Amino acid sequence: MRVFFTPATWLMKRLTYPQKFGLLSLVFAIPLTFLLSAILTDLQREINYTRSELNGTTYLQPLRGLMQSVVEQQLLAERYLGGDQASLSPLLLKNETISQQLEAFKAFDEQYKGRFDTQTQVTVLFNEWERLQAQLTLRSVPDSNAAHNRVLQAVRACMQRIGDQSGLILDPNIDSYYLMNALIETLPAHQAATASVASAGGNAIDRGTISPEERNTLTVVNSQLQETNTEINYSLGVVFNNNEALRPVMEESVRNFIQATEELSFQILLQVVRVETPTVDPITFRQETERTIDSSFKLWDATSTQLDALLNQRISQAQTRRAFFISLIALLVLLAVYLFLGFYRAVMDTVRAFQQAAGSMLTSNTLSNVKIDTRDELGQVATSFNSIASAMVESSSQRQAIVDHAAEAIITYDQQGIIRSANRAAERILGRNVDQLNIAEVLGVELASLQQQSAAAEFDVRLPNGETQPVEMVLGTMQTGEQQLWIAFLRDIQIRRRTEQERNQLQAEMIRGHTAMLARLSAPLIPLSDTVMVMPLVGALDGERLQQITNNLLDGISSQRARVALLDMTGVPNVDREVASRLLRAAQGIRLLGANLILTGVQPDVAQALISVGGNLDDLQTYPTLQQGIRTVLRNHA
């Protein structure tokens, strides 16, 4: 399971919170967008479909008027052809009215050509109408009925074509479907059948006899009336059961329609079809047929009105659902954005709390617990952070106390030489706060040469007050993340240097004392009497030793008030010109003190050096050996 989530975990670890929520929102938004798009598409399709049905019902209106006018003309034609000459004028007026309706319908049809393919049906309608007009007043009643029935059939064909093209025939709702069926199929069939009944029955009643052909026609048409009556009763009953709101507004029209149809049907059966001679009054029969036709068209109008209302209601409901879904999605999106921003602010508040606590720990090295009022996983992180921070602060405090109380200056600086931290000893030793300064400028050395120090090095640092501070520095490095820092340990060596200077001075004085003592021991001045002193020399003579010998001779002669100084050079192998010259000057100095210098045991090389100097040797007394010199001097000064 852990391996399965590895790619997702890897991706989420590399995204910020806005990027994470953006990605998650995108992942959720894609299917939701498709779902919403599908819902809105279906709703729009429903709206468009219903609007197409409304266009169909609008198209049916002129056909309904045309249907009624043709039925009325058929009745007038039956009267005129049956011998009622007074019906000629209304017949011709109705014919003119129908012609005008057809012209208006033709212009109306032009507007809907792009929506409904009714060209064939409309052409048939106009052709049948032209055939009817050609012999309107010259036909017999059966021919007139047949011609009018063909026109009515053409009108009904247009209605059925509109039902197919507009989608009314496939309406998905029960109530609107049955209302549509009544408009397109049942009521037009009823109206055509009623017109046939009125025409055929009225002609028979006017003659007072009924032919077998008329009897058969009336029987068939009466059956059609009963079927349409039963179908209307059933269909609208289903509509009322499915939509009770339609019952109050349509129930009366339905009742009148059913009642008128039933009365006309019974009248046909009882007083026309089933008797040898029609017994019904012609005026009464025509009134019943007109009432039936009128109730049929009134029911058609009521049905059309309610169907339009249902379709508009369906569009309104679809638009409402569409607006609801859009509003719901917008509200959910706003809520998601609001919650996301709230979550992001909560996360950032927690992050800021962590940053403040970390900053407090870094700057003041004091514990600052993260306090957040959240109960999610970040709260657990905060608890763990507080525990770790407490331990780190305690440990850091101990380390910082050690660093602050260290006698040595501890300084960290980066690759550019900028000082990142320094303890108290650094300020004391260097005479100022050196944070954020450049260590090369503080120490007065180049950074490149400073970085090359591999061992302890000593510097004389120029302090701000102009004094010089000697320090000893040792360098080290440490890695903090991707950055490398240097650590400089500076030690004040002023006391050590002073101690070393004092020790060196003491050592020099001791060496000088030892040297003087050794000089005296290597050239001892031995008194032989109150006025005679002897100094035996052993080893090589240089300028410094000869100077010491001269000083000892002069000091001894002066302090002892000696008259003669014997300088035995038996142990001196040779001297150079400078030593020989100094030896002659020493003799002159002794004479200035009123004493004489006598050399004994002079070796050949020493004699050669004295001669090479070229000085005056007449006053310089010499003896081959020290014994001869002592004997002679003591005898002369006895």
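The analysis underlying the following values was restricted to heavy atoms, covering all of them including side chains, and did not include hydrogens, waters or symmetry mates. As the structure is a prediction and not an experimental result, all values here were calculated from the model.
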To the nearest 0.5 Å, tell me how far [X] [atom1] sits from [Y] [atom2].
{"X": "Glu78", "Y": "Asp84", "atom1": "CD", "atom2": "CG", "result": "9.0 Å"}
{"X": "Leu187", "Y": "Trp300", "atom1": "CG", "atom2": "CH2", "result": "9.0 Å"}
{"X": "Asn312", "Y": "Thr57", "atom1": "CG", "atom2": "OG1", "result": "8.0 Å"}

Give a yes-or-no answer on whether the side chains of [X] and [Y] include a donor-acceptor pair shorter than 3.5 Å.
{"X": "Ser265", "Y": "Asn229", "value": "no"}
{"X": "Asp109", "Y": "Tyr59", "value": "yes"}
{"X": "Ser144", "Y": "His148", "value": "yes"}
{"X": "Ser99", "Y": "Gln133", "value": "yes"}
{"X": "Ser304", "Y": "Gln61", "value": "yes"}
{"X": "Gln259", "Y": "Glu263", "value": "yes"}
{"X": "Ser69", "Y": "Gln101", "value": "yes"}
{"X": "Asp308", "Y": "Thr305", "value": "no"}
{"X": "Arg115", "Y": "Gln165", "value": "no"}

Checking the side chain of [X] only, and the main-chain atoms of [Y] only, is there a donor and an acceptor separated by less than 3.5 Å?
{"X": "Asn222", "Y": "Leu218", "answer": "no"}
{"X": "Ser52", "Y": "Asn48", "answer": "no"}
{"X": "Ser166", "Y": "Asn55", "answer": "no"}
{"X": "Asn127", "Y": "Thr123", "answer": "yes"}
{"X": "Arg314", "Y": "Thr50", "answer": "no"}
{"X": "Ser235", "Y": "Ile232", "answer": "no"}
{"X": "Thr292", "Y": "Ala260", "answer": "yes"}

Note, [X] side chain near [Y] side chain (heavy atom, < 4.5 Å):
{"X": "Met250", "Y": "Leu236", "result": "yes"}
{"X": "Asn173", "Y": "Leu310", "result": "no"}
{"X": "Phe285", "Y": "Leu264", "result": "yes"}
{"X": "Ile268", "Y": "Val221", "result": "no"}

Using a cut-off of 6.0 Å, state whether more than 12 heavy atoms not belonging to [X] lie near its atom [atom1].
{"X": "Arg14", "atom1": "CZ", "value": "yes"}
{"X": "Arg247", "atom1": "CZ", "value": "yes"}
{"X": "Glu244", "atom1": "CD", "value": "yes"}
{"X": "Phe28", "atom1": "CZ", "value": "no"}
{"X": "Glu252", "atom1": "CD", "value": "no"}
{"X": "Leu335", "atom1": "CG", "value": "yes"}
{"X": "Leu15", "atom1": "CG", "value": "yes"}

>> List the residues meeting side-chain hydrogen bond (donor to acceptor under 3.5 Å, both in side chains) with Ser196, not counting sequence neighbours, and say none if there are none.
In response: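 Per chain and number, Ser196 pairs via side-chain hydrogen bond (donor to acceptor under 3.5 Å, both in side chains) with Asn149.
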
>> Between Thr230 and Asn233, does the side chain to side chain donor-acceptor pair (under 3.5 Å) criterion hold? Intermediate values first, please.
In response: CA-CA 5 Å; Thr230 302; Asn233 189 27; over 6 Å; no

>> Assess the residue pair Gln306 and Asn243 against the criterion (side chain to side chain donor-acceptor pair (under 3.5 Å)); give the C-alpha distance rounded to whole Å, side-chain angles, the decisive distance to 0.1 Å, and a yes or no.
In response: CA-CA 11 Å; Gln306 297 308 316; Asn243 190 344; over 6 Å; no

> Between Phe126 and Phe105, how do the two ring planes meet: parallel, tilted or perpendicular, split at 30° and 60°?
Replying inline: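 Answer is parallel, since the angle falls under 30°.
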
>> Glu72 vs Arg79, test: salt bridge (charged side-chain N to carboxylate O under 4.0 Å, His left out). Steps then yes/no.
In response: CA-CA 11 Å; Glu72 291 174 352; Arg79 293 177 192 174; over 6 Å; no

> Would Tyr112 and Thr58 satisfy side chain to side chain donor-acceptor pair (under 3.5 Å), going step by step from the backbone distance to the final call?
Replying inline: CA-CA 10 Å; Tyr112 285 86; Thr58 302; 4.7 Å; no

> Is the distance between the ring centroids of Phe257 and Phe297 under 6.0 Å?
Replying inline: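 Between Phe257 and Phe297, the centre distance exceeds or equals 6.0 Å.
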
>> Using the rule given for side chain to side chain donor-acceptor pair (under 3.5 Å), can you reason through Arg64 versus Gln68, listing the C-alpha separation, both sets of side-chain angles and the distance that settles it, and then say yes or no?
In response: CA-CA 6 Å; Arg64 179 265 183 211; Gln68 184 176 6; 2.5 Å; yes

>> Run the salt bridge (charged side-chain N to carboxylate O under 4.0 Å, His left out) test on Lys298 and Asp294 for me, step by step, so that the C-alpha distance in whole Å, both residues' side-chain angles and the decisive distance to 0.1 Å come before the verdict.
In response: CA-CA 6 Å; Lys298 285 183 178 179; Asp294 183 64; 3.2 Å; yes

>> Checking Asp42 against Arg45 for the salt bridge (charged side-chain N to carboxylate O under 4.0 Å, His left out) test, could you report, in this order, the C-alpha distance in whole Å, the side-chain angles of both residues, the deciding distance, and whether it holds?
In response: CA-CA 5 Å; Asp42 289 341; Arg45 186 183 296 112; 2.6 Å; yes

